[in-house]
Amino acid sequence: MPIKIFNTATRKKEIFQPIQEGSVGIYVCGITAYDICHIGHARAAVVFDVAVRHMRSRGYRVTYVKNFTDIDDKIINRAQKEGVKFTDIAERFIKMHDEDMLALGVIRPDVTPKATEHMDDMIALIKILVDKGFAYAIDGDVYFAVNIFKQYGRLSGRNLEEMLAGARVDINDKKKNPMDFALWKSSKEGEPFWESPWGKGRPGWHIECSAMSRCYLGETFDIHGGGEDLIFPHHENEIAQSQAATGKPLANYWMHNGFVKVNSEKMSKSLGNISPIREILKNNHPEVLRLFMLQSHYRSPVDYSDNSLSEARSALIRCYTSLQLMNDVLKNSADGKAVPGNDKTKAKQKDYINKLKELQDKFNEALDDDFNTAQGLGYVFDAVRLINNLIAAEKKIAVANSAILEEGRKIFKHFGAILGIFHDDPDHFFLTDREMESRKRGLDIGEIERLINERQSARTAKNWDRADEIRQQLAQLHIVLQDSKDKTTWSIE
RNA sequence: GGCGGCAUAGCCAAGUGGCUAAGGCAGCGGUCUGCAAAACCGUUAUUCUCCGGUUCAAAUCCGGAUGCCGCCUCCA
């Protein structure tokens, strides 16, 4: 089954046809390195991470390019404010970005170019545009003349007249048309600059992506991605620059992820509701954040809140509980506690394994369909139920069941490899979860464990009243105890 | 003002023409348990914002109404 992708350019789901059979070139717009990465950056990163993982698992050789904008007005402003070099700002936030992505389990793209490393490419591209008459230089600036590029506005579904009617454009006497955008900006005193045929200056925002995608993926490549806010003007302008210069399409498929809202509001600096990734990860397992985002389709908006994250946590706990159960049963089986089983268990083995394989196929097909991770997760949970059902139904561990559970573990590994979850050891996961939740609620783990030990003694002495009293006491702190034959474990609701 | 999107159970969320409207969270009943928790079994939308239309058949297509949201300015 082929992969289908919703193409922003046509507003339709299309069958993905790569330029070169078996290969995919994908370019995703990365961050401007002037501030800390927030949950919106996390979503974009996770969405394209999963898309790339899935395409690779389907056998495509993927070249994934994600850039860093490391020269820009916002970077310069921040550098001036802090009295440091603009490169210090860019380097600092690129480093923090890399740390955040690592923590989120995002696989590093194959190429992560920086704008400042491609000055010559950008200048060369601008020259072509000037020579072809698509751009004009004035007082050291170079602007792209949007009215000369006839397809301008096609990606975002607008036209120049409508946009001008909106009248929310800067008044700039130098521009021939208010919608023209800068390819090159002359530098003011004290600002960083590069030499160019138009004098000392720096590139406009959009040209870097045209230059870098061309450098690493060629004039036309398969997929161009980014957040939906980039459709206009950034991607529209990229198309204008690149296609005017080469006369060829820039990318065949345009993918855009939806926004993250926070408590039903748009995230913005003025509202002060920016949620940095590293803040969230202080108190939450990174896979909880991933699962939260993957439970919705990538093009829909998601609403981040403590509650939505806590629901995702419960869902992830359900998965890890099942993984832990599988591990425990298999360990017992390996310790020689399994019984041989009979023909009936063998028939059942085949049945279960077939069902599991079917779920894996359905999962893959869901991801083929415009990377529908929400639907895919539905099949993951079906697999959870199937496995739990088997384990609950069997009093004794039959050898045949071990084979099913081995298969189950393999399939969960596959789910996890695509979604970027289930990478933790279940025991470690629950330990981490307890620590994080305790910290969040200001609970004292030592004190909790002392009470549990006391209760354990009471239980051994069959002093049920005292045992229940301690259970009640801990329950008030949202601590739930799980008794087994020889020990008591605990978790936080 | 222009352009676009969304509306599915208590909450989150798939499904975009035809088998029982996925799944998660929460709830309820049962099994298990010293009591619990987890797990399992059962249950929770005769119906997909509303009104019309197309069709043998619509949550799904078309028209209209209402509500919410995004973009048009830096933004993932």
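Letters A, B, ... mirror the listed sequences (proteins, then strands); counts begin at 1. Predicted model only: the values in this text are computed from it and were never measured.
A salt bridge does not link A:Asp72 to A:Arg202: none of the charged side-chain nitrogens sits closer than 4.0 Å to a carboxylate oxygen. Between A:Lys114 and A:Glu208 there is no salt bridge, since none of the side-chain N atoms of the basic residue sits less than 4.0 Å from a carboxylate O of the acidic one. A salt bridge does not link A:Arg455 to A:Asp468: none of the charged nitrogens lies less than 4.0 Å from a carboxylate oxygen.
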For residues 384-393 of chain A, dump all side-chain donor-acceptor pairs below 3.5 Å to protein atoms at least two apart in sequence or in another chain.
residue	atom	partner	partner atom	Å
A:Asn388	OD1	A:Ser322	OG	3.0
A:Asn389	OD1	A:Tyr352	OH	3.0

In a table with atom names and distances, give each donor-acceptor pair under 3.5 Å that connects a side chain of residues 26-42 of chain A to protein atoms at least two apart or in another chain.
residue	atom	partner	partner atom	Å
A:Tyr27	OH	A:Asn67	OD1	3.3
A:Asp35	OD1	A:Arg78	NH1	3.4
A:Asp35	OD2	A:Lys269	NZ	2.5
A:His38	ND1	A:Gly40	N	3.0
A:His41	ND1	A:His38	N	2.9

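The aromatic rings of A:His235 and A:His224 sit perpendicular to each other, their planes meeting at more than 60°, with 30° as the lower class boundary.
When heavy atoms are screened at a 4.0 angstrom cut-off, A:Lys266 is found touching base atoms of the nucleic acid. Using a 4.0 Å heavy-atom cutoff across all strands shown, A:Arg385 reaches sugar-phosphate atoms only and no base atom. Residue A:Leu230 is classed as a sugar-phosphate contact, given heavy-atom separations below 4.0 Å to backbone atoms only. Within 4.0 Å of A:Asp72, counting heavy atoms only, lies no atom of the nucleic acid at all. Nucleic acid contact for A:Phe381: sugar-phosphate only, since backbone atoms but no base atoms lie under 4.0 Å from a heavy atom of the residue. Here A:Val47 lies out of heavy-atom contact (under 4.0 Å) with every strand. In this structure, A:Gly227 reaches the sugar-phosphate backbone alone: every heavy-atom distance under 4.0 Å involves primed, P, OP1 or OP2 atoms, never a base.
Proximity of the aromatic rings of A:Phe181 and A:Tyr143 is defined here by a centroid distance below 6.0 angstrom, and this criterion is not met. Two rings, from A:Phe412 and A:Phe415, have their centers less than 6.0 Å apart. Aromatic ring centroids of A:His97 and A:Phe68 lie under 6.0 Å apart.
Atom name P, nucleotides B:rA14 and B:rC6: the rounded distance is 11 Å, in whole Å. Taking the C1' atoms as reference points, B:rA59 lies 13 Å from B:rG18, given to the whole Å. Rounded to a whole angstrom, the distance from the C1' atom of B:rC32 to that of B:rC50 is 48 Å. A distance of about 24 Å separates the C1' atoms of B:rG15 and B:rG53, rounded to the whole Å. Using C1' as the reference atom, B:rA57 and B:rU16 are 15 Å apart when rounded to the nearest Å. A gap of 9 Å separates the P atoms of B:rU8 and B:rA13, to the nearest Å. On the P atoms, B:rG63 is 12 Å away from B:rG4, given to the nearest whole Å. B:rG1 and B:rU20 have their C1' atoms separated by 49 Å, with the value rounded to a whole Å.
In this structure, A:Ala366 and A:Gly376 approach most closely via the heavy-atom pair CB-N, 3.7 Å. Among all heavy-atom pairs drawn from A:Ala115 and A:Ile71, the shortest one is CB-CG2, 4.2 Å.
When rounded to the nearest whole Å, the span between CZ of A:Arg455 and P of B:rC35 equals 13 Å. A:Arg299 has its CZ atom 18 Å from the P atom of B:rC71, to the nearest Å. In this structure, A:Lys487 atom NZ and B:rA38 atom P are separated by 18 Å, rounded to whole Å. In this structure, CG of A:Leu155 is placed 14 Å from P of B:rC72, rounded to the nearest angstrom. What separates NE2 of A:His206 from C1' of B:rC74 is a distance of 10 Å, to the nearest Å. Computed from coordinates, the A:His41 NE2 to B:rC75 P distance equals 10 Å when rounded to whole Å.
Residue A:Tyr379 is the one, among A:Tyr379 and A:Arg471, whose nearest nucleotide of RNA chain B lies closer to the 5' end (criterion: closest heavy atom). Both A:Gln482 and A:Ser264 lie near RNA chain B, and the one whose nearest nucleotide falls closer to the 5' end is A:Gln482.
Summarising the base pairing, B:rA14 is matched to no nucleotide, lacking a Watson-Crick or G-U wobble pair whose two defining distances lie under 3.5 Å. Base pairing analysis places B:rU31 opposite B:rA39; the two distances defining the Watson-Crick or G-U wobble pair are each below 3.5 Å. The partner of B:rG52, taking Watson-Crick or G-U wobble pairs whose two distances both stay under 3.5 Å, is B:rC62. Base pairing analysis places B:rA22 opposite nothing; no Watson-Crick or G-U wobble pair with both distances below 3.5 Å involves it. In this structure, B:rA9 forms no base pair with any nucleotide, since neither Watson-Crick nor G-U wobble geometry is met with both distances under 3.5 Å. With a cut-off of 3.5 Å on both Watson-Crick or G-U wobble distances, the partner of B:rG70 is given as B:rC3.
Checked by atom type and distance alone, the side chain of A:Asp70 pairs as donor or acceptor with a backbone atom of A:Thr116 at under 3.5 Å.
Note that A:Arg434 lies in the cation-pi zone of A:Trp490, set by a 6.0 Å cut-off to the ring centre and a 45° limit from the axis. Both the sub-6.0 Å distance and the 45° axial angle are satisfied by A:Arg158 relative to the ring of A:Phe232.
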Report all interatomic pairs (protein N or O, nucleotide N or O of nucleotides 3-9 of chain B) with separations under 3.5 Å.
residue	atom	partner	partner atom	Å
B:rC3	O2'	A:Gly157	O	3.3

At a cut-off of 3.5 Å, list every protein nitrogen or oxygen paired with a nitrogen or oxygen from nucleotides 13-17 of chain B, distance to 0.1 Å.
residue	atom	partner	partner atom	Å
B:rA14	OP1	A:His297	N	2.7
B:rA14	OP1	A:Ser300	OG	3.3
B:rA14	O3'	A:Asn372	ND2	2.9
B:rG15	OP1	A:Asn372	ND2	2.7

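For A:Glu287 and A:Tyr320, the side-chain atoms include at least one donor-acceptor pair closer than 3.5 Å.
Between the side chain of A:Asp483 and the base of B:rC35 there is at least one donor-acceptor pair of N/O atoms closer than 3.5 Å. The base of B:rG34 sits with one of its N or O atoms less than 3.5 Å from a complementary donor or acceptor on the side chain of A:Asp468.
By the 5.5 angstrom centroid cut-off and the 30-degree plane limit, A:Trp464 is classified as stacked against the base of B:rG34.
Against RNA chain B, the stretch residues 414-433 of chain A makes no heavy-atom approach under 4.0 Å. Across residues 308-322 of chain A, A:Glu311, A:Ser314, A:Ala315, A:Arg318, A:Thr321 each have a non-hydrogen atom less than 4.0 Å from an atom of RNA chain B (numbered order).
Within the structure, a side-chain polar atom (N or O) of A:Asn389 is placed less than 4.0 Å from OP1 or OP2 of B:rC41.
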Residues A:His256, A:Tyr298; criterion ring pair (Phe, Tyr, Trp, His ring centres under 6.0 Å); working and verdict: CA-CA 8 Å; A:His256 293 96; A:Tyr298 76 87; 9.6 Å; no
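A:His285 pairs in a ring-ring contact (aromatic ring centres under 6.0 Å, His included) with only one of the listed residues (A:Phe429, A:Phe292, A:Phe422), which is A:Phe429.
The side chain of A:Glu228 lies closest to B:rG70 when the candidates are B:rC35, B:rG70, B:rA76.
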